[in-house]
Structures are given as structure tokens and as C-alpha cells.
S.K.: 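I have a structure here, written as C-alpha cells, and I will follow up with some questions on it.
A, B, ... follow the sequence lines: proteins, then strands. Residue 1 opens every chain. Predicted model, so just to flag it, every value in this text is computed and none were measured.
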Amino acid sequence: MDEAAATGTEVTRWVLLSDWGPETLGLVVTLCIAVVALAAWNVRALSRPRRAALLALRVLTVLMLLALFLQPGRRTENVSRVRNHVVVLVDDSRSMGLPGERSASRLEEARAAIEAQGGARSAWASDHIIDFYGVSERARPVQGPDELKPEGDASRLLVGLSEIGQRYNSEALAAVLVYSDGADNGALGSAVTRGELGAVRDVVGRLGAPVHTFFTGPDAPPRDVAITQVRYDEFAFVHNAVSIEAEITVTGGDTAPLPVTLRRDDVVLARRVLEARRGETTYPFVFEFVPDKTGKAVFTLEVGGLPDERITDNNRRQFVVRVIRDKIRALQVVGRPSWDERFLRQLLKRNPNVDLISFFILRTAGSLTLASQEELSLIPFPTDELFRQQLGSFDVIFFQNFDWSAYDMEPYLEGILEFVRRGGGFVMTGGDRSFASGLYANTPIAQFLPVQLRTPTSAAEALDAGEFRPRLTEAGRNHPITRLSLARDENEALWAGLPPLRGLNLVSGVTQGSAVLLEHPDLNRGGAPAPVVVAGGLGSGRVLAVLTDTSWHWDFKAAADGGDNRHYYRFYGNAMRWLMKDPALEPVRVEADRDRYPLGAEATFQVRVLGTDYQPAKGARVRVEVTRQVFATAGTAPEAQPVSEQAFEVTDETNEQGELVVRWRPPGDGGYAVKVFTSVGGVDVRDEDVFVVSADPVELRQIEARRDTLEALSAQSGGRFNALGAGWGALERNAPRVSRVHRRSDDPLWAGAPWLVLAVLLPTLEWLLRRRWGLA
Amino acid sequence: MAALLGAVRPAHATVSPETRVGAALLDIGGGATARPSAVEQLLWETSKRTSIQARERPAVLSPSSPGLFEWPLLVWIGVGEVPPLEPAAVTLLGRWVRAGGLLFIDDASPAGGVGFDASVRRELARALPGRPLKRLSSDHTLFRSFYLLEKAYGRIERAPALEGIDHGERTAVVYSRNDLLGAFGRDPGGGWRLPMEPGGDRQREMALRMGINLVMYATCLDYKRDQVHVTEILRRRRWTVEPIDPNIER
């Protein structure tokens, strides 16, 4: 630290100019005592007066010699005292912009109070240098409090004091003065709340100087509603309940009931009402919901504002939750045990990502009983539990040769239709109880199957029993389900080399928008080859039709020639991924590099496009659009639906790797959606991602002034807690300790003439008296 | 419903009759003809008593025939010692088991006969090395795949338990020393070919149930064992909460 110019002062004091060590001094003193004792013994025979006289002379002589030995003298020094520092810390966080005790802001009142200490500052100038700092997230030096504005995003007084401690060594600090409203949202605030002041003591202890605090107030809390805490998991699982917990603080008096709203994107998930109660300031809320699709979403929690509320930024919080899938929950419903069911079930069970629930019809109404119920291991088919109570918990449903009409399923078919429409996956495999021969025509199930069904009037209309080797269609060459190999030619060869199938469910056609992936090489229906595997969907759900019950040949029979079941597993594994909308299979993807950006940061968007062959698409033209969620007014009318306004748009092409990178700086805080649009194989496709930009105003979560934090600071440091207008004059400070000696002069006593005269006179007189009195 | 719609419900159990649930007999040492019509009777009973529509007439195949892979269920009946199988047959059988087949071995040899048993153990050790036959416990799924059974039934009571070899999570080889299929064959007059020992209709019925359980296990594997976990799995996912009403709630 700089040290100011010295002020010289003459200081005089008595000193011993000799530098004898303590052992020598001890020896000499002992000798002197011995000499005096010897003399006392020597004169013991004399009369009292004569004895006293001789002893007195001896003692005086010894003292004089001792004085000569020690060399007393007078030392005069010219000393300069270096001033130490008084640090004035002024809180310039955002809460200091709120009103203090009077109408002005807390910071303005602090400035005025400091200005009023001009007299004290002048009086201190000789011993102390006064340094000013602003403190919010950290301390930074300023010329004076006039430079400060209440803009800091947090109040961390302990961090500021630690930094002061590092800048000044303890000898350089006279005192620290802190002007603040005490609304500390760092370690100090939480330590005082918890009553654990060890950390506070450590920080102020290292300063080596008292900390005097000045409280701006106000004691009465401002009228404010703030969302002080939101607890949520950044990841949630689809079809699993999610909890969002929040704390809302109301200060400054009574208020009418306030609406609390939770939104996902622009959809209201829940509304609550906050009813403030006297004596309470903090109100917890818990919101629960079940996400029904994977992906990211911006959630907005908002509480209505008070009419005279000064700060409304803290009435709204936005955050991103990413919904992912845990295990795929599959329901396999089987009309009768068969080899087709047996191998598919084994496949599903072996998949560690699948939670499989199977129900097989082991006995029909026409089966012979010949055993009591207790001798059978059978249970009733739980239609209501599966198709109403638990239907929404499944991700995909398999119907394998399941005769719906025999099990009073009619009331549940609409529910299954809705299940698919809302995003559930569905697979129907072949058999005499499937598709048209299963009487599914004109049922709700038929509305989402990707094939057209007509109720058959003869067996030949519904089923064909012949053996065939299915053929890959043009759509099948590009579709992820039928991609056994990424190499096109190899894929064709693999399909051609699989064991033949036997038996086909016949349909009258495929529905619009569906894709035939495998077809019969010889049979025709409605002018087109009879389909074998068809992929389609309805609403948000995807549906797969496998029109044979012998796909198990691709597993078991493939081993006959030394092959294996890889292709069977790959086929159904691809099907599961497609049904679940695995993002890796989507033709276009966009992803923001973060879920949350601080205000002012640049966002980066990664776009990836795949061609019809699912290879990276070079030169694909992509339009990127960013929209921002705008609320009508900040935090005062949460019922009002937010609107999306376009914030940014650009069109560009993908590179060799089928990728495009876009960088952009969001202009303000809020929820954003980045959307990409392109065309793949003549089909328009799109994708979307979301993110939040937030200033994260920790400072505004709690704006009530706190005198207890400032009281604790002072108490732990030996300083004083003061009202804002208190004077500086009586404040304890460390005196300047550092001094420099410019000149020194010594004036030894023994060098003077009187001492020499005494040195001769006293022993001479003693000798004369000894001779006179007969002791010489 | 079917009548109402005037629909035709085909009589086939599967789209193609050839792909119904059936079995093939291994032609080894003359055992394939040791129990005439037994497999047919078993499969017929299975069709009558369960939802399975079986293909009743079994094929007869050499153990070295690639046709094995048309049949996920094979039956090997033995009445005495058999010579070692050709290496190609051993290899093929091992591959067949690993691909997903279930081999049922039935010892139909007379009382005191140990030749077939020794042959079975020898050949299994060649086809599936390192995997000896193990006793199947009474809580094996085989004993509750359709009927609830407490022991290994057969025409005779030579061994109290079945033995088996596991492959992965399934039992791929099941071995009975109790001449199970001997309980099923009928003579041309319609009567049972062979008497039960110690005897009784109840024993024959229980043997039939054992056979039906075997067919059910071949198609359903451990479905019945997994049933006990269904409730836990269903409850595992908390997929509903209190109804979220967009109207104001207090």
C-alpha cells in the first residue's frame, strides 16, 4: 500500500547507552553487593554514627561506579508517523436502490450521511487515509460514494471484507466502516440466519481492525412479493411424476390473494392462490405433473404483483427441464401362445431398456377344464387394469394375435386410440386373430393401423398361407426400421438372404401417409404388392403393422446355416427406436449448447440434417428462427397468456458433415425457442429446442433490510453498530503504528565534570575517615 | 360379434397350418417309433385344454437334418443304449439348442435299464460341453406353466425329479426318466397302449398335465414366473398425480 509523507516529531527519553549483556550485569551487581557487605562487616566495631557514615560513603561510591558502568544517557530522536487507512465500504447492490427510511433511495441516504462527516474526515486526515469502495458481489475501489449506482446483482459483504483483508495488511488498517441495508444474500446473511458466526469471525478477525456498521434501514420491510426459491430436477422421466417446489415471500403488510401460475412453454399446467397470513412471510408451493413426451421445455413460475410493488423482476422465474426416457415400458398382449410370441417375448426380455409386461390368453372359453381352479396356475385377464387404469403408463403396446372381441374389450378400444394419438406406440403382428381376420375393421383400432381393413367374408380374403421371401421397397431401403446395414447394397443382400416367411394377413391397402417397408414379391392387392411390414401413425403416436406371424423365422431358422438372430433383433430394435422417436433417427435436429445463458452471453445452435438415406445431408438449405416468449407485463398479470415474437432468423446451408452452426446473442432475458425448417426428400421437416436467458437476480430474491447482519459484523470485530446518521468522531480506530526515525542523538550523563569530581571525592573521603577512626 | 358382422373366422390356429405349435421326433436308435401316437395325443390334448392350437402330427427327423430348425420343440425317446451320434449331428444339435430350441428327452427303457440314460448324458456332454444335467427344482416354471404340479409325473416313477440344462435364462433341455410319453399313446382300439406303474387314472391324468406344461413352457418360457412381478412393475412408474385443474385451486 502507499504510505503517506511523514510528519517529523522530536522525542526525548532516558536510555542506557551501554550494551552489556544480562550475565555481565548480573555479575557486576553481585560484586557491588559483595563490596557493600564486606564494608559493613568491616565497620561493625565502630559506633553507630561512624558506621552509618562509612557505609553511606561506600554505598554512594558503589552506586556511582555502577552508574558509570551502565552509562545512562539522554536520547533525542526525530520520528515520522505513517498514516494507516480507514476503509469505507458502501453497499451498491440493487436493493440499495429501494427506499430507505425517507423517500430517497438507501444509497442516496448513505451518500448524504457520509457527506455529513466532513468534519470528522478532516480531523482524521493527519492519522488516517480514507479509502472508498463499492461492495456488491465483490469490493472495488472508487474515488468517492458519488460514483456508485445501485446495480450490483448480489450482496456479499463477507466477500468484500475478505478482499479488503487481502489488499491491506492488518497494520495498515485503522478501521472499516460499512454502509449497507444488511440484505446480504451471501455467506453473511445465511450465517446470521443459522446463528453460526464462525466464518464471520474468521473474516473480520483477519482484518485486525474494528468494523463499524451503519444501517440504512428501513426497519419496516418494503412491500414486495418475490419467488425466493425454486427447486427442480434438471432431468425428468417421461410418464413419471415430476415435482417442482417453490417458496414465495411476501413482505410489507397484508395483501389480497395472489395468483401463482406454472406454465410449460405457453401452456398453463397449474394455478394456485397465495393467501398471505398475518405473521407469516414465506409460503411453500409444490406443483406436480406428468410429462407425456420427451424433449426440453421452458417452465415459467409466476406470482401476481402488488399494486405498489417497486420491484417486479422477482415475481417470475424461468427454467428448463429436460424430459428423457427411462426404460421403455412395453405391454405384450397375446391371444394364444405361439412360436411368434415366444421369440418376440424373448427379444423384448433381453433388452435391458425394456420393462416388459406380458399377458397371454392361455385358455379360452372353449377349452376343456378337467381341473379345478386350484389346480391351475391361471389368473383372470385384467382388462380394466391394463387398458384403463394403467394404459397411460405404457410406452408401447404389442397385440399378437389377440382376439379383442372375446374379452369384452369394446369399452377400451377408444382409450387405446387416444393412447396412440397422444404419443403411444403400437405394434400389431399377424395371425388368424389379427387385422381383418381378427375383426378389427371398423373399430377404433383400425383408425390408427397403417393398413386398410375390410371385414372378410371368406378365409381367402383374410389370409394367405404360402411361403415367401419379402422384398424391400424403396421406402424400406431408406427407413430406419428396415435398415439392417448402413450400406445400401449390403442391406438389400441381408434382406434377400433371410429365411422365408410363411403366411400373410391380407389387407385392402395402406392408409395415407403410411410407408410399406416390406412387400410380398408375388401377391397383389388393390393393384399393388401385398404389404408385409407397414409403418404409420396417428397424431403423436407411431404404429407398426407386421402382417405375418412367422417373423420368428429370422431368429430361429437363421441359425440353420450357421447364421444368427442379429437381423431379427436389429429389425425389432430399430422398430422400438422408431416407435419411441429416438432423436438419433430424426432427419433434422437442432440443439442449443446450453439450457440457460446469463444475460449478455452468446448462444450457439448446432443443426444436423440427414438425407433420405439417413446419411449427413450436405448443402441442405435450413431456415433457423428464434422466437422469444414475451409476457404482457412483468409479474403483474400472470393469467395473461405470453406471446411469441420473432427475435432472429437466418437461412444457410449445411456443410459436408450435414451440419450448420449458428451463433447469436439474445437481446434480453426470458424463454426462447430455436426452430429449424428444412426439406428432406421433398418432405418438410422441422425440429425445435428451447433455452432460457436469465440475469439470475439473486439480489432481488430478498430485499428486506436486515440490521442483524450488520450487528453481527460489528460484534464479531469489536466495532460498533450505528444508525445511519451517527458521527464518526467517537469510533474506535487503530492508531498509526508504523513510524520512521530520521535522526537520533545521545547525551551520556557520565561524561560530565560533576561525575568525575564525585568519582574522586567519595572514595577519598571514605579513606580519610577510615584512617581517622583506625580502620585503614 | 363375429356372427353379427357375418365375418368368417378362419379355422387355422395360425395363418399357415405349418407354423402351428408342434414337435418333431428325433430318429435315434429306433426310439422315434417306441411310443406310437403319444406325441399326437399329447398335442391333441394340449389343443383341447389350452388356447394353443397345435400341429398334432409330429415330423420324424434325423439329428443331422437341417430341418431341425423348422421345429423349436424336439422329442427324443429312448429305450436303450444308442451309438454315439455323428459329429455333424452333435454340432447341429448344440447349435439348435443355442438358437432357441427346447429338447425333451424321455427315457422309455424298461425297469433297470441304464443304457439309454448313459447315452443321453454322453451325447449331451458332447453337444453342450461344460453343462451337465441338473435337477429341476419343484418351483421351476415347468411345474406351473399351466397346471400346478408338485413333482415329475410319468408312466412310471423311476426318478422323482426332472433334470435339465439351462441356456441363458431358459431351460433348453428337459430330461425325464419316467417314460412320460408312454402314458399317452392309444392303441387302434382307442384304449391306452401301456399301463401306468404303480397305476391309476389319476396318475395318467397327472402325466398328461406334465406333458401339457412342457408344451406350454416351450412356448411361454418363464412367463408364469414373471407374472409375480407384474404388480410391482406396474406400480413402479408414478405416471399420474392429483388431477391438474387449470381452474384456481386453494
S.K.: Counting only heavy atoms not in B/R193, do more than 12 fall under 6.0 Å of its CZ?
M.R.: yes
S.K.: Please flag which part of A/D326 lies under 4.5 Å from any non-hydrogen atom of chain B: side chain, backbone, both or neither.
M.R.: side chain
S.K.: Under 4.5 Å from any heavy atom of chain A, what part of B/S145 do you find: side chain, backbone, both or neither?
M.R.: backbone
S.K.: Is there side-chain contact between B/E169 and A/R350, with heavy atoms separated by less than 4.5 Å?
M.R.: no
S.K.: Closest approach of B/L221 and A/Q346, non-hydrogen atoms and distance?
M.R.: CD1-OE1, 3.6 Å
S.K.: Out of A/L378, A/T550, A/T364, which one racks up the most heavy-atom pairs below 4.5 Å with chain B?
M.R.: A/L378
S.K.: List in chain and number order the residues that pass side-chain hydrogen bond (donor to acceptor under 3.5 Å, both in side chains) with B/E40, two or more places apart in sequence or in another chain; answer none if no residue qualifies.
M.R.: none
S.K.: Answer with side chain, backbone, both or neither: which region of A/D355 has an atom nearer than 4.5 Å to a non-hydrogen atom of chain B?
M.R.: side chain
S.K.: Report the option among B/E205, B/R95, B/R144 that has the most heavy-atom pairs separated by less than 4.5 Å from atoms of chain A.
M.R.: B/R95
S.K.: Please state whether the side chain, the backbone, both or neither of A/D564 comes within less than 4.5 Å of a heavy atom of chain B.
M.R.: neither
S.K.: At a heavy-atom separation under 4.5 Å, does A/Q389 approach chain B through its side chain, its backbone, both, or neither?
M.R.: backbone
S.K.: Any side-chain heavy atom of A/R345 sitting closer than 4.5 Å to one from B/D226?
M.R.: yes
S.K.: Check A/S358 against B/Q227 and note the closest heavy-atom contact, atom names and distance.
M.R.: O-NE2, 3.1 Å
S.K.: Do A/L362 and B/Y223 touch side chain to side chain, with heavy atoms closer than 4.5 Å?
M.R.: yes
S.K.: Looking at CD of B/E70 and CZ of A/R502, how far apart are the two atoms once the value is rounded to the nearest 0.5 Å?
M.R.: 7.5 Å
S.K.: What part of A/V238 is in contact with chain B, defined as an atom under 4.5 angstrom from a non-hydrogen atom: side chain, backbone, both or neither?
M.R.: backbone
S.K.: Check whether any side-chain heavy atom of B/K48 sits under 4.5 Å from a side-chain heavy atom of A/L368, and report yes or no.
M.R.: yes
S.K.: Does any backbone or side-chain atom of A/F359 lie under 4.5 Å from a heavy atom of chain B? Answer side chain, backbone, both or neither.
M.R.: both
S.K.: Let me know if A/L331 has heavy atoms under 4.5 Å from chain B in its side chain, its backbone, both or neither.
M.R.: neither
S.K.: Evaluate the salt bridge (Lys or Arg N to Asp or Glu O under 4.0 Å) criterion for residues B/R202 and A/E375: first the C-alpha distance (whole Å), next the side-chain angles of each, then the deciding distance (0.1 Å), finally the verdict.
M.R.: CA-CA 13 Å; B/R202 180 67 181 169; A/E375 294 173 303; 3.0 Å; yes
S.K.: Count the heavy-atom pairs under 4.5 Å between each of B/G168, B/G67, B/A99 and chain A, then report the option with the highest count.
M.R.: B/A99
S.K.: What residue in A/I361, A/I379, A/N565, A/L370 has the most heavy-atom pairs under 4.5 Å with chain B?
M.R.: A/L370
S.K.: Quick one: closest heavy-atom pair of B/L148 and A/L376, and the distance?
M.R.: CD1-O, 3.5 Å
S.K.: How about B/P72 and A/W552: do any of their side-chain heavy atoms sit closer than 4.5 Å?
M.R.: yes
S.K.: Is there a side-chain contact between A/W339 and B/L73 in this structure, where contact means two heavy atoms from C-beta onward sitting under 4.5 Å apart?
M.R.: yes
S.K.: Taking the side chain as everything from C-beta on, heavy atoms only, tell me whether B/F146 gets closer than 4.5 Å to A/R363.
M.R.: yes
S.K.: Among the options B/S47, B/C220, B/P66, pick out the one with the most heavy-atom pairs lying under 4.5 Å from chain A.
M.R.: B/C220
S.K.: As a quick check of understanding, evaluate side-chain contact (heavy atoms from CB on, under 4.5 Å) for B/Y147 and A/S377, giving each step before the final call.
M.R.: CA-CA 6 Å; B/Y147 292 102; A/S377 67; over 6 Å; no
S.K.: Take atom CG in B/D139; do more than 12 heavy atoms of anything else shown fall under 6.0 Å from it?
M.R.: yes
S.K.: Do A/P337 and B/T50 come close enough that some side-chain heavy atom pair is under 4.5 Å?
M.R.: no
S.K.: Go through the structure and list residues passing side-chain hydrogen bond (donor to acceptor under 3.5 Å, both in side chains) with B/R155, not counting sequence neighbours.
M.R.: B/D179
S.K.: Are more than 12 heavy atoms from other residues, nucleotides or ligands located less than 6.0 Å from atom CD of A/E385?
M.R.: yes
S.K.: Run the numbers on A/K349 and B/R170 for side-chain contact (heavy atoms from CB on, under 4.5 Å), then give the verdict.
M.R.: CA-CA 12 Å; A/K349 276 207 69 180; B/R170 64 186 178 94; over 6 Å; no
